[in-house]
Every structure is written in structure tokens, then in C-alpha cells.
Amino acid sequence: MNIIKRDNNIFILETENTHYVIGIDKTGYNHHIHWGKKCNPDDYYINTVGDENSNNTMLDEYKQEITPYGQTMYRDCDIKAEFEDKCREINLKYIGSSSTDDTLSITFSDKYYSLEITLHYQIFDGLDIIKRYTTLRNTGTGRIDFEKISSAQFSLPSVKPYTFRNTNGAWGGEFIETNTVLDGGYAVFETRKGASNHNNSPYFIAYHNADENSGDVYFASLAYSGNFKVSCSRDLYGISRVILGMNDFDFSHTLNGGESFDTPPVYCGHTQGFGDMTRQMNRFCVQHLLPKQFNQETLPVLYNSWEATGFAVNAKQQIELAKLAAKMGVELFVMDDGWFGQRRDDHAGLGDWYVNEEKFPNGLDELINAVNELGMDFGIWVEPEMVNADSDLFRKHPEWSYHYPHREACELRNQLVLNMTREDVQDYIFKTLDELLSNHNIKYIKWDMNRPFSETGAENLQNPKMYSYLHTMAVYNIVDRLKEKHPDVAIESCASGGGRCDLGALSHYDQAWTSDNTDGIDRMTIQKGYSLLRPAKTMRAWVTDIEGINKPCSLDFRFAVSMQGSLGIGGDLTKYSDEDLEICRKNIAFYKTFRDIVQFGDLYRILDIEKDEVLLNQYVTADKSKSVAFLLANGTRFYKKRMPVRFDGLDNCRNYRLTIDGKTYEKSGAYLMNCGIILQIRGVDYNRVIIIEEIE
Ligand code: DGJ
């Protein structure tokens, strides 16, 4: 890891296996020179071109790190602004740089106006991940109005069209992969819903002929939970570019004299294959991105009451569930929606975060104490950013939800979004949650958010078009403050399932609820999408009573799916037979023996349920001494499959032991990875969890 500055105009970010190279030419323009495998640092040079003809300008052809709108540049820009005299273009010139062992900052200023822009880069020991963000500074006195502020621009090296992987999901179908070959023009992945949604993801993954183990893969993930835009393009000359950042849709931001703005960061990397991309990002997130309290902690097995009891929670029935959960080995009992205000269903109660006395006549502590006495921690559900019109809070403060004075506010799930850009709203939410945590022994909060924004009038703001950013920052800030004051409380991000689990959310929340779809079959696909660029330990996965909507899947099968993240239980345990309870107990005990490998290990996706009819995912410890593999199939066709199951991620030269279907094998890593174990994988509901351990 190193930052090399050559002649003060070529900057080389040297990561574990890659070079990212930036150059500044004599006129002060910035150039992107290289991103990929390492070359001799002395070989890098800046290739300036002149305008080819009056319709093909040099600026349009330059690969750059930042491209403001202006001059003869006509493609998508990073930054667009208007100065006080109505001039609407920026003309940047390099003014200097500074660096440390792991950071580099390159600063430009407008040739005439008082605007400075700094590009920031950071590299990390042992990894190929680079952090990037941009600072805008108004160094004068007049205002500057920005219409677009992106975090980073990337130029990709090959002239061949890249395929861009993103997600095309929905509620109940999050993280469903979409692969778009971009031959020309633009492909945009974005959200306008106010928060990073279930549909597209705030990242790009660009590749050529890549699979899990090989092929050039470039990726960058924006750490931001508000409206985002990922704009990918390819021109006639074969230059593929991507710009990521806050969406310029319904956006503007003003910097007055002396003010500055830091964009949300982007984490990018180049790897060979998707597997290494996931492993790099997983390690990076655990080591550097996740909040510090729990990043190195093994997450507990939790029980969540939602699918069992819905809104109809009460002390007696929750205690009954808790007793059964404790017997199974659950470590954290979470009561979901329904415990507060007049919350009988989704029509009322949001905003009134006091306990419902009909349901809990002796207060929350009766339940919490019972849970604690059973040896479990207690967690609770809240949806702080929302309000029902039928609530004391709304009756008292109708002005607290986003609205326009002469428009009706649209309700979704019978609720409205609180205007978290208001300080009084922030104070109310912090105070309420702080009191809840201070007055009760709560160790976990599931912070939900169940609708996108609408009627985002925020008359309290000078510029309501910043609402998405300010709302997002207010949420992050409250989560951070709660964590600071209650460092032993873990906080989960939930948004109708996986509607807000971008890397921005995961920089503040400890984990995320992946999807309300807990069908074991669908989950295999959803979980693959989740874990592409997010750490496995943050992926909450419950075993529920959904026995397979389209194909049957047993409790064991559902466990084998959910044990690939942070395990949870979500069924109505009161309806379980003794035999079912025993299956749960055994699986939970088994999970505890290897969960560290899943939560902190390297993931190898070997067989893909969509493409291969069989799923084989293997998690391996960093020292390659232990591993757990999940082998699942549900509905193989044509009498398939007697097949060699080949593992991955092991050490060729070491010997390992594994037992499957009652037979123990002792083989070298080379054998297990190249030759494999022949297994008969046939029919529905096939599930095996295989421990592979080094033989001393
Ligand atoms: C949506 C979440 O995704 C569910 O898990 C549950 O918490 C409900 N909200 C409660 O209203």
C-alpha cells in the first residue's frame, strides 16, 4: 500500500494488487490514466489530445476524475453550478495536492470564481478498496447554487462494452440481479423515492466475460441512503464511464461564502472475478466501515415476533414465545410492531412511542425481565421517521410531516413521513428513543421505515430540494448519538425488508433486515444479491413458517438457507411440534459452532441456484483452516445429479476432514478443490451443511 507522487502531476494509488492513476496536465486539467493491474510507475503518462474536429471535442474525450459542466463538454457531468452573476459553468484548474501514507487530496479551483473542489482518496492496508469523496468549498462571498453534486466519476479501461450489474428489485424481491450490456448511450440506476429503495442499488459492477473467479470486474458502491443516481455511459470511441452520487432529480444546494460540502463517500475496487469483489468488500466493511461497537462481535441468534403475532402483541403471549425461543438457544428476543400507542393495525399509533397499557398492563419491564430471566437479551421494533394521522403526535403536530400547504399528503400504509430536517422532530425522536433505552434494559433496536417519501415540502428549509440529503443525515446522526449514549445497543436497519441497506446505512447501523420474503427458495436468490457488495454478517436471515410458497422446503432446508447470514427465528413457535422445536434447537446449536466462519469468513459462491439448480456457498476462515459449505437444491430435473462437488478457498497443500451423508473424507485441499466429492443431489428439499476442518 502506497501513494506515489510523480513529478507532482501523476499520482499513483497503489493498493494490494492494483494501481489507480491520476494525472494533471500543463493546463491544469485532470486526467484519469489507469485503474487495474499494476504497471511500472514510470510508464504512466498523460495523453492529451486536441479537438479532433469541431464536433468532437477533447473535453468529451478525456477520461477524468471530475468533470464539471462547462466549455465544450457535452456528456454527463459530475458537478453543475450557477454563480451569483448567472454564469452557469465551472472551469477548474489544478492548484495543489497533499498526501499521507494512505490518503491523497487533489485540489482545483475555478479559474475566475471563488470555488474550490478537492478530490479525496484513501487506500487500505491489504485491500484493493479505495475510498473517494469530493469537497466543494465556496471561498468567496457570493452564493453558488449547485444543481448537481456527484461523489465520484470513473472511467473504465477497455474499449469493449461492459456489462453493468445492478438490481431490479421490489418489496419481497430485493436485490434481484440485472445485467445490462451497455454498447452506447446511458444506463441509469437510481432512486427518487427519498431513500435507497428496493429497486436499484447505489452501486455499479462493470465486467467483461467475468465469473466468480476470473475476468475484470470494476465496482463502486455509494455510501448514501438518500436519492441516488448511478449513471453509466459508453460513447462511440468506446469510453465507458460511471458517475455516482446524490441524484440531481429534484435537487439543488447552495453554498454561501465560506461554506463547504463533503459528498457522501464511494468505495471502489478492481478485482478478478465477482468472488474476490465480494470478499474484498466484506473484509473492508468488517474492518473499516461497520460501526465499531459490533463490527468484530459475533451477532446473536435472534427471535422476532412479527410473523408469529403481527400487531396483536401482549405480555403473556410474548413471554410464552420467549420461553420457547430460550429453550431453542435463541440469545436475543425481539418484539416487533404493535406494542405502543393505539397500534392495533397499521392505521394508528406511529409516533406514539409509549407502551400500550391494554397490551402491557404491567409495563414493558414485565416482558423484558422475563426475557432476561430466560437468559436472553431484549430488543424492540420502532419506526421513528413515520407518523399515522391517527396518533397523538400527529394531532399535536400535524406540521411535522412532509406536506405542501395546498395539497393532500398521500398516505402509504396509512402513514406519513416525518420531516426529519426539522430540529424539533429530530429532538423528539432522539429524546423518545433515548428514554426508551434509558428506562428499559433494551439491547437491540429494529429501526423500520415502511414507505417512500412524497409531498416533500419542507417549508422550514431555505432549500427544500436538499430534503433527501438532510433527512438521511438526520437519521444517521440520531443513530450515532443513540449508539454513543447506549454503546451496548445494536441497531438494525429495516425498510419494509431490505429497502435501506446501502453502505451508507451500514456505516451507522450494525445490521439490516434483508427482506420480508422469508420463503427459503426465494431467499437463496435474494441473499446472493444482498451479499454481492455487503457484508454477510449484516444480513439478518430468519427461519419462519413459510414452508415454501412454490416448492416445499423443510425446517432443515430453511435453516440451511438462513444460517448463511446472521441467523434469526421468526415463526409462531407455539404451533411447533416437539419434533420441530427439537429440529430448531439442534440447528441453532450447530450454527453457533460455525457462525464465526459465516460472519467473518470469505464467501465462495461455487454453484448458483438460478444457473446450476444447485446452490453451493462456502465460507472459509482467513487462515483457511476451517470452512462451512451449504449445499442446497430444490427441484432438480432430469434425474440430476450425481456430480463431483468441488469446494473452494482451501489450501492446496493442507489436509482437511469432512463428513457428509455419514461418510468421512480426509483429503488434501487440492483434491477437494480440483477433484471433489461425488454426491447424489436429487429432488426437492436437498440440504446439507458441511464442516470442513484442517487435520493437524
Ligand atoms: C416491515 C418489516 O420489514 C417487518 O419485518 C415488520 O417489522 C413490519 N414492517 C412491521 O410493521
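Whatever order the structure lists them in is the order used to number ligands and atoms, beginning at 1.
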Plane angle bin for Tyr467 and Tyr402 - parallel if under 30°, tilted between 30 and 60°, otherwise perpendicular: perpendicular

Parallel, tilted or perpendicular, as decided by the 30° and 60° cut-offs, for the rings of Phe594 and Phe590: perpendicular

Cation over ring face, Arg500 and Trp171, 6.0 Å, 45°: no

N-O pairing of Glu320 and Lys316 below 4.0 Å: no

For Arg585, all residues meeting salt bridge (charged side-chain N to carboxylate O under 4.0 Å, His left out), sequence neighbours excluded: Glu582

Within-4.5 Å side-chain heavy-atom neighbours: Asp556 and Asn587: yes

Atom-level proximity to ligand 1, residues with heavy atom under 4.0 Å: Trp306, Asp336, Asp337, Trp381, Arg413, Lys446, Asp448, Asn450, Cys494, Ser496, Gly497, Trp513, Asp516, Trp542

